[in-house]
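Reviewing the structure listed below.
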Amino acid sequence: MTANDFERYNPREKEPFWQKTWDEKETFTVSDEIPADPYYVLEMFPYPSGRIHVGHVRNYAMGDVVARFQRARGKTVLHPMGWDAFGMPAENAAMANKVHPREWTYANIAAMRTQLQSMGLSLDWSREFATCDEAYYHRQQMLFLDFLEAGLVTRKTSKVNWDPVDQTVLANEQVIDGRGWRSGALVEQRELTQWFFKISDFAEELLEAIDGLDNWPEKVRLMQQNWIGRSEGLRMLFEVATEQSPAKTIEVFTTRPDTLFGASFIALSADHPLAAELAKTDPALVDFIAECHRMGTAAETIETAEKKGFKTTLEVKHPVIEGATLPVYVANFVLMDYGTGAIFGCPGHDQRDLDFANAYGLPVIPVILPEDADPKSFTITDEAYTGPGKVFNSGFLDGLDVEDAKAKIAQTLETRLVDGKPQGVRQTNYRLRDWGISRQRYWGCPIPVIHCDHCGVVPVPKDQLPVRLPEDVEFDTPGNPLDRHPGFRNTTCPECGAEARRETDTMDTFVDSSWYFARFTAPGAETPTVPALANAWMPVDQYIGGIEHAILHLLYSRFFTRAMKKTGHIGIDEPFKGLFTQGMVTHETYKDDSGQWLAPTEVAIEMVGEERVARHIGTGKPVTIGSVEKMSKSKRNVIDPEDMIAAYGADTVRWFVLSDSPPERDVQWTEAGIEGAWRYVQRVWRLVNEASAVLDTSAETLDEDPASIEMLKTAHKAVDQITRDIAGLRFNRAVAQVYELTNAISKFLPAIAPAPSLTAIKALRTSVEFLIQTIAPMMPHLAESCWGVLGHDRMVCDTPWPEADPRYLVDDTVVLAVQVNGKRRGEISVAKDAAGPQVEEAALALDAVARILDGKSPKKVIVVPNRIVNVVA
RNA sequence: GCGGGCGUGGUGGAAUGGUAGACACACAGGACUUAAAAUCCUGAGAGGGUAUCCUCGUGCGGGUUCAAGUCCCGCCGCCCGCACCA
């Protein structure tokens with residue numbers, strides 16, 4: 001019998017078969033009982049854009065490996081799937097295609113569910129829900145009311161991007177170069193009263209708890225720390241020196257009070273009440289403030305804008321330099337919602353202040369001296385000095401280092417009174433702001449409150465929930481259809497019965513995704529959660545998703561879990577015990593000659609000499625190859641894996657996406673290599689069939705042949721390594737190990753096949769079974785098929801994970817590299833744990849070493865046991 | 001602008017401070033075949049040499065160390081996030 005006598009493995013037949021089998025046996029369904037040995041694996045649920053892309057495949061393939069692996073290790077695994085289904089694209093589709101957001105969304109979900117199911121994921125589909133399901137947003141409204149009652153919710157004003165032509169609020173991504181994406185109008189900032197979750201009350205707690213998240217990537221913990229942005233500083237009063245002034249003092253917050261002697265101006269936010277007060281008598285200031293408001297609200301926009309200021313008529317007294325005054329500006333780079341909305345500018349030691357001072361001709365006085373600098377000649381021109389050093393040019397602070405100077409100036413100002421108050425108060429500040437959840441949109445969870453002229457803001461009584469989204473809405477005009485829907489908007493006050501107005505804002509979709517993981521533990525419950533079940537399953541043992549969610553989604557979820565604990569819905573603080581952030585899948589972008597984005601499937605690329613040239617497949621017209629970016633629908637650079645799955649099967653595609661790149665790294669998508677994955681699938685199938693034929697032969701001899709021992713060693717070492725790699729989510733390394741095991745079996749099998757001994761057959765069975773068991777989490781359908789060929793009745797997914805026998809993991813001899821002056825010159829084979837002098841002797845005996853030493857004795861010989869020898873000549 | 005990350009052959013990548021390039025893809029040569037596909041074998045970082053070998057080499061420039069892809073300092077390039085994209 002030869003290789004060609006076996007039929008090829010046909011995924012088109014086998015994959016649906018196994019999927020149906022798992023489904024019928026409810027293999028991956030978990031009961032509503034309290035689990036004994038729970039393991040909760042969750043991948044970030046997708047937005048139902050309509051089609052999955054390779055980024056999803058990568059994400060869900062990884063999660064599935066973890067789920068199947070933990071299941072094989074005996075855990076009761078919860079591995080659910082749902083849909084992050086509210087959000088803007090559905091409304092955009094409604095406007096563009098006259099299709100209702102609900103219809104569009106559920107059709108997309110159906111299409112994506114089919115695609116996901118073709119991947120053969122070990123999901124418990126019985127727990128599936130979408131956040132736009134009435135049942136889900138009903139419970140979310142319950143949570144909102146509980147949070148409101150617990151004092152976790154507040155109302156205040158904040159700024160939005162306003163499109164003056166479309167008369168609507170724009171998301172940051174809808175503002176392009178300062179203009180509304182649809183109307184092209186210059187965007188303005190506008191204040192609205194909105195709902196907020198008081199996440200800033202939890203700033204310290206959220207910050208401290210980061211220390212306990214030891215199964216999170218260090219980079220994410222750092223990003224969250226920086227985002228919360230705890231800083232210790234001084235709130236201080238500057239006395240206004242100008243007689244005609246609406247205020248006697250200006251309060252600033254600074255983290256660098258040590259640089260006070262270097263202060264050369266005061267800057268107020270354009271939204272500062274004092275700026276508004278001054279503007280009443282100064283038309284030019286009105287214009288300046290208006291100019292500041294003529295831009296978007298995104299931090300990036302504000303911070304990259306050119307630094308601009310307006311000099312007011314006010315001056316303040318310098319607190320520590322007798323007789324000196326500082327001018328007061330209104331400036332576009334000072335944020336009202338951080339600190340007090342006013343700063344003192346020290347150009348020498350803050351880059352923004354320096355840029356501002358250089359633009360307006362303000363003095364730059366260095367007051368911190370770097371270690372080796374000369375105080376007489378040290379000057380600052382274009383680059384502020386923010387490092388450590390000794391304070392100088394600073395009167396009584398001279399000679400102190402930065403920290404001591406901060407303490408001393410704080411002490412001084414604390415004891416002084418200005419306008420009856422201490423001039424300085426030490427204060428801990430956080431960058432983290434409250435979470436604004438109001439959205440002026442239709443396709444979101446309605447905020448369940450009613451506005452009454454007599455009673456104020458009245459929560460909708462729980463027995464009147466859910467507040468449903470009305471079906472009969474129009475998207476012909478921009479703006480929120482709920483706001484112009486009389487049937488929805490007009491209601492009566494639950495308290496006094498008078499005519500009242502329903503809140504027409506809906507919730508930020510981040511709210512939806514801040515507790516879905518808890519809902520999965522009891523997806524049908526009348527209450528938001530069943531605390532006993534939530535507590536049994538949670539926290540999520542392994543959460544997997546894109547690095548782009550490192551801050552907002554994860555931080556909001558951490559807050560939400562605490563808020564749910566306060567309101568009795570769950571008993572834990574942290575939702576995600578283990579976090580893994582996968583890298584982005586990127587692809588080239590393409591544009592045709594009219595500037596329209598083209599999908600990769602519409603483009604043909606060929607090599608003309610050294611250059612890659614792209615043409616439109618249909619029209620043959622030239623295509624511009626653009627930059628490589630994260631796959632997104634708007635730039636059309638997404639790759640739909642459906643064709644690939646149809647052509648090669650899910651296993652090949654899963655194997656392919658897992659095999660090459662380290663999972664945390666971004667990958668530039670290319671199909672190069674899929675053929676190799678496909679061939680590997682066939683190779684495993686062939687190998688198992690060939691092995692199976694040998695396993696069926698009867699043997700009598702029981703030779704302890706070295707080849708079989710070697711085979712067993714290789715197999716056990718592979719299992720050991722693969723187990724550790726999968727547990728550590730290093731899938732690409734696990735794959736490499738699997739290849740090595742496969743290569744070893746491929747050599748071993750033909751060697752023993754003609755006359756196998758009992759030992760050889762045993763070694764072969766162990767090796768091949770280890771191979772199939774270790775590929776099972778990655779290529780589950782192929783593994784089940786092979787497992788059957790090997791004569792098993794029980795499915796491999798129900799079979800316990802193999803254990804490596806420690807006896808096979810050790811070697812008697814080791815090969816050591818021998819270096820001379822750090823350069824490799826040869827190698828020696830010595831007994832494991834051989835004594836230093838022996839190793840040294842063997843190393844010096846090498847020809848190459850002797851030649852370089854040229855008769856001289858070495859200065860030093862470094863022997864690192866079982867690793868390396870370095871001869872220092 | 002601020003915060004975080006990444007950078008290794010033709011390609012994806014591997015490497016507790018200890019033999020750089022495991023494993024795979026692509027490629028080339030060979031075997032099998034009427035032929036192709038599939039499969040199997042062999043080769044390969046770059047440069048030099050018949051060969052044993054030698055020199056260079058992990059984005060760039062310095063440094064620490066017996067030893068640096070790995071640690072430190074300074075750059076460059078790319079990617080992610082920046083609170084209304086999800």
Side-chain angles (χ1 to χ4, degrees), chain A residues 2-4 8 44 46-47 49 84 86-89 158 160-161 169-175 217-220 222-223 225-227 229 297-305 307 333 351-352 355 431-441 508-510 513 546-553 555-556 581 583-584 586 627-630 632-634 659-662 664-668 670 672-677 679-680 682-683 686 732-733 735-740 743 746 750 815-819 821-827 847-848 859-862 864 867-872:
Chain A
T2 73
N4 293 324
R8 294 188 115 204
M44 291 180 186
Y47 179 80
S49 58
D84 189 12
F86 274 134
M88 273 198 323
S158 72
V160 293
N161 300 304
V169 176
L170 297 178
N172 283 336
E173 76 156 9
Q174 296 175 313
V175 178
E218 191 53 39
K219 62 180 167 186
V220 175
L222 236 188
M223 280 191 255
Q225 261 167 32
N226 291 338
W227 185 260
T297 60
E300 190 189 352
T301 313
I302 293 164
E303 286 180 41
T304 52
K307 312 265 173 300
F333 64 92
Q351 194 59 44
R352 283 177 308 182
D355 294 343
R431 213 184 68 97
L432 180 66
R433 309 197 300 256
D434 279 335
W435 173 14
I437 61 156
S438 298
R439 297 292 181 270
Q440 295 69 41
R441 283 193 253 288
D508 178 8
T509 56
F510 272 124
S513 56
I547 182 68
E548 69 270 27
H549 295 293
I551 296 173
L552 292 179
H553 162 61
L555 193 61
Y556 289 152
T581 51
M584 228 78 54
T586 59
S627 62
V628 173
E629 296 184 50
K630 153 173 118 174
S632 76
K633 230 190 164 187
S634 58
S659 63
D660 267 352
S661 290
E664 70 281 2
R665 202 178 293 181
D666 289 349
V667 289
Q668 196 174 327
T670 161
I674 186 89
E675 293 280 350
R679 281 199 296 268
Y680 181 69
Q682 296 300 338
R683 185 179 164 202
R686 211 166 44 238
N732 59 320
R733 293 215 322 203
V735 165
Q737 280 296 326
V738 168
Y739 271 114
E740 297 207 21
N743 292 344
S746 295
V815 176
L816 302 190
V818 178
Q819 299 180 329
N821 293 334
K823 268 188 190 158
R824 183 182 174 278
R825 295 295 174 181
E827 58 187 35
D847 282 351
K859 289 203 183 90
K860 196 163 152 192
V861 179
I862 290 152
V864 183
R867 284 221 162 263
I868 204 165
V869 182
N870 192 10
V871 178
V872 185

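Residue numbers start from 1 in every chain, and the chains themselves are labelled A, B, ... in the order their sequence lines are given, proteins ahead of strands. Everything quoted here is computed from the prediction, not taken from an experiment. Just so it is clear, the values below take in all heavy atoms, side chains as well, and ignore hydrogens, waters and symmetry mates.
- Here A/E740 lies in heavy-atom contact (under 4.0 Å) with sugar-phosphate atoms only.
- When the C1' atom is compared between B/U33 and B/G43, the two are found 23 Å apart, to the nearest whole Å.
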task: Going 5' to 3' through nucleotides 75-86 of chain B, assign each nucleotide B (protein heavy atom under 4.0 Å from a base atom), S (under 4.0 Å only from sugar-phosphate atoms) or - (no protein heavy atom that close).
output: ----SSSBBBSB

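- With rounding to the nearest 0.5 Å, the separation of OG1 in A/T509 from OH in A/Y47 is 8.5 Å.
- The CZ atom of A/R825 sits 13.5 Å away from atom CG of A/D847, with the distance rounded to the nearest 0.5 Å.
- Here the separation of B/C60 from B/G3, taken at their P atoms, is 26 Å to the nearest Å.
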- line: The dot-bracket string of RNA chain B, counting Watson-Crick and G-U wobble pairs with both distances under 3.5 Å, using [ ] for crossing pairs and | for pairs to another strand, is (((((((..(((.....[....))).(((((.......))))).((((....))))..(((((..]....))))))))))))....

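- In this structure, the separation between CZ on A/R665 and CD1 on A/I547 is 14.0 Å, given to the nearest 0.5 Å.
- Taking the P atoms as reference points, B/C56 lies 15 Å from B/A67, given to the whole Å.
- In this structure, A/N743 reaches the sugar-phosphate backbone alone: every heavy-atom distance under 4.0 Å involves primed, P, OP1 or OP2 atoms, never a base.
- Considering only the side chain of A/V872, B/C66 comes nearest among B/C66, B/C6, B/C40.
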field: nucleotides 42-47 of chain B: protein proximity per nucleotide (B base, S sugar-phosphate only, - neither; heavy atom, under 4.0 Å)
entry: ------

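- In this model, the phosphate group of B/G18 is not approached by any side-chain N or O of A/K823 to a distance below 4.0 Å at OP1 or OP2.
- For A/R824, no side-chain nitrogen or oxygen approaches OP1 or OP2 of B/C53 to under 4.0 Å.
- Residue A/I868 is the one, among A/A848 and A/I868, whose nearest nucleotide of RNA chain B lies closer to the 5' end (criterion: closest heavy atom).
- A distance of 11.0 Å separates NE2 of A/H549 from OG1 of A/T581, quoted to the nearest 0.5 Å.
- In the set B/G18, B/G13, B/A22, B/G18 carries the atom at the smallest distance from any side-chain atom of A/I862.
- Between A/V872 and A/V861 there is no side-chain heavy-atom pair separated by less than 4.5 Å.
- Side-chain contact between A/V738 and A/Y680 is present, with at least one heavy-atom pair separated by less than 4.5 Å.
- A gap of 38 Å separates the P atoms of B/C53 and B/C6, to the nearest Å.
- For the C1' atoms, the distance linking B/U58 with B/U52 amounts to 28 Å, nearest Å.
- To the nearest 0.5 Å, atoms NZ (A/K307) and CZ (A/R352) are separated by 7.5 Å.
- Ring geometry, A/H553 versus A/F510: the interplanar angle falls under 30°, so the pair is classed parallel (tilted spans 30 to 60°).
- The shortest distance between side-chain heavy atoms of A/T301 and A/V175 does not fall below 4.5 Å.
- For the C1' atom pair drawn from B/A22 and B/G13, the interatomic distance equals 10 Å after rounding to whole Å.
- The distance between atom CG of A/N732 and atom P of B/C25, rounded to the nearest whole Å, is 15 Å.
- With both ends at atom C1', the span from B/A14 to B/G7 equals 16 Å, rounded to whole Å.
- Put simply, the side chain of A/E300 does not reach to within 4.5 Å of the side chain of A/N172, judged on heavy atoms.
- Put simply, the side chain of A/I302 does not reach to within 4.5 Å of the side chain of A/F333, judged on heavy atoms.
- Atom CE in A/M223 sits 12.5 Å away from atom CG in A/L555 (nearest 0.5 Å).
- Between B/C41 and B/G63, the two C1' atoms lie 49 Å apart (nearest whole Å).
- Both A/N821 and A/V735 lie near RNA chain B, and the one whose nearest nucleotide falls closer to the 5' end is A/V735.
- Per the geometry, CD belonging to A/Q819 stands 16 Å off P belonging to B/G17, to the nearest Å.
- No donor-acceptor contact under 3.5 Å links the side chain of A/R825 to the base of B/U19.
- One finds a side-chain N or O of A/N226 lying less than 4.0 angstrom from the OP1 or OP2 phosphate oxygen of B/G4.
- For the pair A/R683 CZ and B/C40 P, the interatomic distance rounds to 6 Å; values are reported in whole Å.
- Between A/S661 and the phosphate of B/G13, there is a side-chain N or O to OP1/OP2 separation shorter than 4.0 Å.
- A donor and an acceptor atom, one from each side chain of A/R433 and A/S158, are nowhere located under 3.5 Å apart.
- Applying the 90° cutoff around 0 to the glycosidic angle, B/G9 is assigned syn.
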